[in-house]
Amino acid sequence: MEKLAIPCQTNPPISVPASIIKARPLKFSSKPTKTSIFFTQKLTTKFNDDHLSYLCSNGLLREAITAIDSMSKRGSKLSTNTYINLLQTCIDADFIELGRELHVRMSLVDQVNPFVETKLISMYAKCGFLKDARKVFDGMQERNLYTWSAMIGAYSREQRWKEVVELFFLMMGEGLLPDAFLFPKILQACGNCEDLETVKLIHSVVIRCGLSFCMRVSNSILTAFVKCRKLSLARKFFGNMDERDGVSWNAIIAGYCQKGNGDEARRLLDAMSDQGFKPGLVTYNIMIACYSQLGNCNLVIELKKKMESMGIAADVYTWTSMISGFAQSSRISQALDFFNDMILAGVEPNAITIVSATSACASLKSLQKGLEIHCFAIKMGIAREVLVGNSLIDMYSKCEKLEAARHVFDTILEKDIYTWNSMIGGYCQAGYCGKAYELFMRLRESNVMPNVVTWNVMISGCIQNGDEDQAMNLFQIMEKDGEVRRNTASWNSLIAGYHQLGEKNKALAIFRQMQSLNFSPNSVTILSILPVCANVMAERKIKEIHGCVLRRNLESELPVANSLIDTYAKSGNIKYSRTIFDGMSSKDIITWNSIIAGYILHGCSDAAFHLFGQMKKFGIRPNRGTLASIIHAYGIAGMVDKGRHVFSSITEEHQILPTLDHYLAMVELYGRSGRLTDAMEFIEDMPIEPDVSIWTSLLTACRFHGNLHLAVQAAERLQELEPDNHVIYRLLIQAYALYGKSELALKVRKLGKESTMNKCTAQCWVEVRNKVQLFVSGDQSKLDVLNTWLKSIEGKVKKFNYHNQLSIDEEQKEEKIGGFHCEKFAFAFGLISSSHTPKSIKIVKNLRICGDCHQMAKYISAAHECEIYLSDSKCLHHFKKGHCSCGDYCCGESSLVEQVFHDLRSYVVSGNHFLDSCPIVCVAHYNCARH
DNA sequence: GGAACTACGT
């Protein structure tokens, strides 16, 4: 800009742009007339205005202030207009400091009036100082519509909807009503905080003040009803509208889309065209967003083609909603394909596109694609923006690239709490608890306040990494030190953490405490606590949680219903699983897998096959888990060829790479049917290294079918894999001893003695009529009654359908109580501890049930018409009418995994049994239970 | 006389 120095008598020489000089009238009459005085004043004002705004627009704030001060010293008062223009300059250029100076000077010369005050409100608000804006507002003598509009507009921009609605009521209290501009703002606020009552009130006010004809206002009412999720009201309002425009149609269509009712939205779209309204870009974008979220690829493509045929090009919103919608509906690779298509179509992504695409990469853990998008963000110059940066941190964390995540973290210019939480969460997930803690401490020193999420992330990080004390400590101090209120997620972090640590009892205690403090469990809580209760003796607790699910209307959430199916099945109640399954209006692959696995657990392979067929009929594609289960089911049914056929279909038909669970199911399939050589050959041909479960499965099969030669091989391989496992030692010794290799047996025994492993004590728990009794091996006190009874039936059991197994279980003697295994006492206690034979007995055993006891359970279930549910360390046995759901295959030596034992002992030791209403009766008191 | 600031979609 060309600058000229012009001499000036009253002011020091200053530079003024040529355009201003040109704009100045050049002629003055020598004698001042009334008009010319007016003109001169006006010119002076204009000159001052231009002069000051010139200084401002060039950033010469100090000079501007000096000029103002020297003007006021000379007694020339700045006009309100000048102040307003200056304040506007401050807004436009974000010169809040100058604005404050002006505010001070205006107050000093007492030149404040509603006009400038309103402008001051705008200025403070737009520069991000809402509190100062409010201070001006509160200090005002009189407020008019403009003032209210400025103040309400300020809260609206900050999305502080509640304050907007509050101000609306205050405004009405002062006898003022919004106009056609302000009503939409307030309605938007009501919609966003779902304040239906206020919307209804405004609706009636609008009718009374005759503003219903205004499209903006009535469209805003319509939108507010939609946002309050009152679609019936919205539809009624829409139907009653005298006039509708495209926006009205879009609003009602958006309402159905938000509810996921794409069909109704589609009908409205057609009706809209029929009534002569052309759907526009926004209409198509709404519809496409809806179908993208539903993951309906075909319809999205169809709609996009249709809009393009109407001459409407997909814009950045169209593509972005497709990308984010598909990412959210788990069709993540499709979402990333759309990102590519968008770039090819030459549409420039915006920050939200980048965020959506990055989060898609995060869920896919696709580092390659994530890096590409990071490059895009860098090229667009938005990689350091907080929103984009946050999603990049998340993506790198999920791809386990913590250093890259940290690099992004360090480069983000203005970190918000999400930035910190993402980084801390990333460290926690990766197990770097120390780094997370370090960052957490740094955050507490920064000017960003940790929020409840930060604390929750830290708690779950600590507990997942095993630092239970630190987790509890954080949980205790968060409210006092952190000034955040615990929420459901805080409790969930602890419950899920304890569940992962296998501390079921502590998880249940936290769950109880949570409820007693009136925190409502949500679906996450339910999903953490249900697996804890998957136990034949916890049915009451499960029903209690089921009740809680129904009260909170959580049964419609698929994962919750799926978990209920799974938990009931694992707890012996497959009928309940089925009832829930049948009652579900929508089912996903997990639903089908849960019920199928449930039936298999109960030995009902036919039901599993039937459901598998039905599932395919419904067009649900089986996944990895389904196929493993079905092979397992063919194993139980002894249908080897069918099982093999399913195995080959994994790769051929379903294009899935078989994993260890499929190989295990195949070994079991061969093993059960006695095709041990096939099993061995299958294991040797496996492209992945067989693990403990594979060899254990083979060993079980060898025991069942009496193949000592292969048993020794399996035991040797097991011993190689887990040299410190004492159970495997014992198996190996027994196998050698029985195979006639006593020298080897002795040698191994010597080695085994040197290892410090302790043998587990056998224990079992029996529940009869909601009372729980513990039997521990080695405790022989006061068991005469049971002993006598057991001896009386021993002979009968032997005659009953005995399967002659290869016995390598000789060492179990030491676990016995008075010559019997503890579960036999459990059977006896269950049967004779009250006057009637119970319909069912439920037992949990820490080790694996032996063949002998298994036999007795079968006998009892037939002779006494009493079903026995026995959950041992490996399997759920359901004895009924002389048969067991495991098909007699799952009994034998004690388990390799002693987890169940550990869990159960902790219940007793801590005195907190999971059935609140079921106190544990100690063994010595068993006689009292009869009365 | 000035000032408030224009509904539906990421």
Side-chain angles (χ1 to χ4, degrees), chain A residues 45 79-85 87-88 91 113-123 125-126 133 136-137 140 143-157 171 176 178-191 211 214-227 234 238 244-258 265 268 272 277 279-290 292-293 307 312 314-328 335 338 342 347 349-357 387:
Chain A
T45 307
S79 70
T80 299
N81 241 347
T82 308
Y83 275 120
I84 283 174
N85 289 343
L87 290 174
Q88 187 60 48
I91 295 172
N113 56 46
F115 307 125
V116 278
E117 282 174 313
T118 302
K119 200 65 179 176
L120 277 169
I121 292 171
S122 282
M123 180 196 71
K126 284 181 180 167
V136 176
F137 178 83
M140 281 172 76
R143 307 181 189 96
N144 57 30
L145 180 61
Y146 293 105
T147 323
W148 287 99
S149 299
M151 197 63 239
I152 290 175
Y155 280 110
S156 175
R157 258 195 311 278
M171 179 179 181
L176 270 167
D179 63 359
F181 285 121
L182 194 50
F183 267 126
K185 279 249 160 297
I186 296 159
L187 284 161
Q188 184 192 26
C190 296
L211 273 175
C214 174
M215 286 311 291
R216 289 229 164 92
V217 175
S218 43
N219 282 337
S220 300
I221 295 173
L222 176 63
T223 309
F225 280 136
V226 167
K227 286 241 172 94
F238 178 78
R244 296 180 200 107
D245 62 7
V247 175
S248 331
W249 285 96
N250 290 345
I252 193 77
I253 289 174
Y256 285 101
C257 286
Q258 270 157 30
L268 279 162
M272 177 179 181
F277 289 94
L281 175 65
V282 173
T283 326
Y284 281 110
N285 282 353
I286 293 168
M287 291 295 303
I288 287 176
C290 171
S292 297
Q293 261 160 43
M307 76 186 265
I312 306 167
D315 70 349
V316 60
Y317 292 139
T318 325
W319 289 105
T320 304
S321 51
M322 281 160 70
I323 295 165
S324 85
F326 272 71
Q328 275 165 39
F338 285 141
M342 171 180 182
V347 178
N350 63 20
I352 296 167
T353 328
I354 296 290
V355 169
S356 310
L387 271 180

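This one's a predicted model, so the numbers in the text were calculated from it and none came from an experiment. By convention in this document, chain letters (A, B, ...) are assigned in the order of the sequence lines, proteins followed by strands, and residues within each chain are numbered from 1.
- At the heavy-atom level, A:Arg157 lies under 4.0 Å from the strands shown only through sugar-phosphate atoms.
- Formation of a donor-acceptor pair under 3.5 Å by the A:Ser156 side chain with backbone atoms of A:Ile152 is not found in this model.
- Residue contacts for A:Ser122: at a heavy-atom cut-off of 4.0 Å it reaches the sugar-phosphate backbone alone, with no base atom in range.
- Inter-residue side-chain proximity for A:Arg143 and A:Pro114 is flagged as unmet; no heavy-atom pair is nearer than 4.5 Å.
- In this structure, CE in A:Met140 is found 10.5 Å from CE in A:Met151, a value given to the nearest 0.5 Å.
- Here the range on DNA chain B touched by chain A, meaning any atom under 4.0 Å from one of its heavy atoms, is B:dG2 to B:dT10.
- Across all strands, A:Ser324 comes closer than 4.0 Å only to sugar-phosphate atoms, never to a base (heavy-atom distances).
- Counting non-hydrogen atoms under 4.0 angstrom, A:Asp315 reaches a base of the nucleic acid.
- In this structure A:Arg244 satisfies the salt bridge (charged side-chain N to carboxylate O under 4.0 Å, His left out) test with no other residue, sequence neighbours excluded.
- DNA chain B lies under 4.0 Å from no heavy atom of any residue of residues 251-258 of chain A.
- Counting non-hydrogen atoms under 4.0 angstrom, A:Ile352 reaches a base of the nucleic acid.
- Side-chain atoms of A:Thr318 and A:Asp315 form a donor-acceptor pair, as typed in the model, at a separation below 3.5 Å.
- In this structure, the separation between OG on A:Ser220 and CZ on A:Phe225 is 12.0 Å, given to the nearest 0.5 Å.
- When only modelled atom types and interatomic distance are considered, A:Ser356 and A:Thr353 share no side-chain donor-acceptor pair under 3.5 Å.
- No side-chain heavy atom of A:Met307 sits under 4.5 Å from any side-chain heavy atom of A:Thr283.
- Within 4.0 Å (heavy atoms only), A:Met215 reaches at least one base atom of the nucleic acid.
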